[in-house]
Amino acid sequence: MTQQVDQQHIIIVGGGMTGGVLAVLLAEQGLKVTVLDGAPAPVMPSGPAQLRVSTLTEASHWLLRNTGVWDYLDASRVQPYSAMQVWDQDGTGEVLFQAEEVGAESLGWLLENGHLAAALYRKAATLPTLDWQCGVQVEALRRDADTGQWAVRSGDTHWQADLLIGADGARSQVREQAGISGGPRDSGHHALVATIATAQPHGTCARQVFMESGPLALLPLFTDAEQGDQRQCSIVWSGWPERIAELREKDAVSFAAELQAAVGDALGPVTLLSERAVFPIQERHASQYVASGLALVGDAAHVIHPLAGQGVNLGLLDAAVLAEEIARASEHGRDCADPAALARYQRRRRGENLLMQNAMRGFQSLFEQRAMPVRWLRNTGMRWVNQAGPVKGFFARQAMGRTTDLPARAKPPAFGARADSR
């Protein structure tokens, strides 16, 4: 027998970090929201750090604080970092960013993806108009041309949505069903992630070295009493597929030696603590973020190279801007799927995300160039940026998410008034 569920105002397909934040933001407005997530209910991590981690910008930090999600995080598993060191392995170019130079205590925060998802799930349980359903595989999506609503089916359960939101990742079913193109572009890189122990404390500094084969990031992890104070890092090693495959197959000692050779004396001898996971890096960018009664956010709309750790932050800003535009429409008596509101969301986010994607592509290309004139220019430029306070401050503020079009919920409370209509 078919079970008919009462009509839901908004359905979000995908309950990851971006979908979860968006669900909270919309439910805080009093809107009825259903999250349909194929994954099991997220649980708070314990023990060793999970392999998949994210760096949060200042803007993302304030978004989580202003929604109360931050209060559900385990503070002992959140690692702020106050400095960022970037250098060229084949030259003398280096840039050191420090939080105090831009009047901040931290440049960013590092935490496990599963940790944030669990905090969002706990926050969601406190919101009466939010129904977050886990282990639900969406099997069919169809828009009714007469009513304009989206019909969603999982097994014998059916929902009707006035607004359908795709937060279901790079291979978005929602995007495909809407007929929005967003095919992958091979970046030429795979990424290897793992957890390591270091002889020297990381000193709350995120580090990244650019090599011919690709960038390697060492991200400071939270303190682990068993391994020593501030002596664990998450690594994201991006490079040519054959190079990454070679690194994955090496035994732990040989891998540590390769890693040591790549980073030099940055943190002293290193030890592999975890398994190594590898995934291909494919860029995506949807031709449009919205359609009739539908919107895409996060990886469903765009995927960029992880070399600057901006992917999740772009998704969280998508969520905040979309929620802001829906709230604006509601204040004027318009529906949550108001075409003008969705168009404003797309206008505010698509160009900015595309700019970041192109910048990451440009950085990757720049550091792969081995021609001596290019290497000289690259290293000279890095040294110049490191010495030019205003220029370095500009890059630091951009990395922290201090853009000109921040949604109100991603600003410190003193700047919380919503921006004027655009």
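Residue numbers count from 1 along this sequence.
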Could you tell me if the side chain of [Y] sits less than 4.5 Å from the side chain of [X], heavy atoms only?
X      : Y      : value
Thr34  : Ile10  : no
Leu22  : Val33  : no
Tyr345 : Arg350 : no
Thr198 : Arg231 : yes
Gln232 : Ile196 : no

What's the spacing between [X] [atom1] and [Y] [atom2] if we round to 0.5 Å?
X      : Y      : atom1 : atom2 : result
Arg171 : Asp168 : CZ    : CG    : 12.0 Å
Trp150 : Ile11  : CH2   : CD1   : 11.5 Å
Leu141 : Trp159 : CG    : CH2   : 10.5 Å
Glu352 : Asp405 : CD    : CG    : 6.5 Å
Met84  : Cys205 : CE    : SG    : 8.5 Å
Ser60  : Glu58  : OG    : CD    : 10.0 Å

Write down the atom of [X], the atom of [Y], and the distance for their closest heavy-atom approach.
X      : Y      : value
Ala300 : Gly166 : CB-O, 3.5 Å
Asp162 : Cys336 : CB-SG, 4.3 Å
Ile304 : Gly311 : CD1-N, 4.2 Å
Leu317 : Ala410 : CD2-CB, 4.0 Å
Leu31  : His9   : CD2-CD2, 3.7 Å
Val35  : Ala23  : CG2-CB, 3.5 Å

Would a distance-only check, ignoring hydrogens and angles, find a side-chain to backbone donor-acceptor pair under 3.5 Å from [X] to [Y]?
X      : Y      : answer
Gln282 : Asp186 : no
Ser154 : Thr157 : no
Arg276 : Lys250 : yes
Glu139 : Gly155 : yes
Arg207 : His202 : yes
Ser172 : Val174 : yes
Asp251 : Ser254 : yes
Arg175 : Ala170 : yes
Gln173 : Val138 : yes
Asn313 : Ala59  : no

Identify every side-chain donor-acceptor pair in residues 42-53 under 3.5 Å, counting partners at least two apart or on other chains, and give the distances.
from: Gln50; atom 1: OE1; to: Gly114; atom 2: N; distance (Å): 3.2

Might you work through the side chain to side chain contact (heavy atoms under 4.5 Å, CB included) test for Asp37 and Gln133, ending with a clear yes or no? CA-CA 6 Å; Asp37 190 16; Gln133 301 193 24; over 6 Å; no
Please report the C-alpha distance between Arg243 and Glu258 in whole Å, then the side-chain angles of each, then the deciding distance to 0.1 Å, and finally whether the salt bridge (charged side-chain N to carboxylate O under 4.0 Å, His left out) criterion is met. CA-CA 11 Å; Arg243 173 59 172 157; Glu258 291 275 3; 3.0 Å; yes
Examine Trp132 together with Tyr121 and report whether their ring centres are nearer than 6.0 Å. yes
Residues forming a salt bridge (charged side-chain N to carboxylate O under 4.0 Å, His left out) with Arg284, sequence neighbours excluded: none
So among Val270, Leu267, Leu273, which one has a side-chain contact (heavy atoms from CB on, under 4.5 Å) with Cys233? Leu267
Can you tell me if Ser82 and Ser106 form a side-chain donor-acceptor pair at under 3.5 Å? no
Under 4.0 Å between a Lys/Arg side-chain N and an Asp/Glu carboxylate O for Glu28 and Arg409? yes
Under a 4.0 Å threshold between the charged nitrogen and the carboxylate oxygen, would Arg348 count as salt-bridged to Glu325? yes
Ring pair (Phe, Tyr, Trp, His ring centres under 6.0 Å) contacts touching residues 30-68 (sequence neighbours left out): His61-Trp70, His61-Trp109
Which pairs of donor and acceptor atoms, one on a side chain in residues 12-21, lie under 3.5 Å apart (sequence neighbours left out)?
none

Can you pull the salt bridge (charged side-chain N to carboxylate O under 4.0 Å, His left out) pairs that have at least one residue in residues 188-205, sequence neighbours excluded? none
Check step by step if side chain to side chain contact (heavy atoms under 4.5 Å, CB included) holds for Gln208 and Leu218. CA-CA 6 Å; Gln208 186 164 52; Leu218 288 81; over 6 Å; no
Residues Ile235, Leu192; criterion side chain to side chain contact (heavy atoms under 4.5 Å, CB included); working and verdict: CA-CA 8 Å; Ile235 66 167; Leu192 181 152; 4.2 Å; yes
Please state whether the rings of Tyr289 and His302 are parallel, tilted or perpendicular, taking 30° and 60° as the class boundaries. tilted
For Asn113, check side chain to side chain donor-acceptor pair (under 3.5 Å) against everything at least two apart and list the hits. Ser54
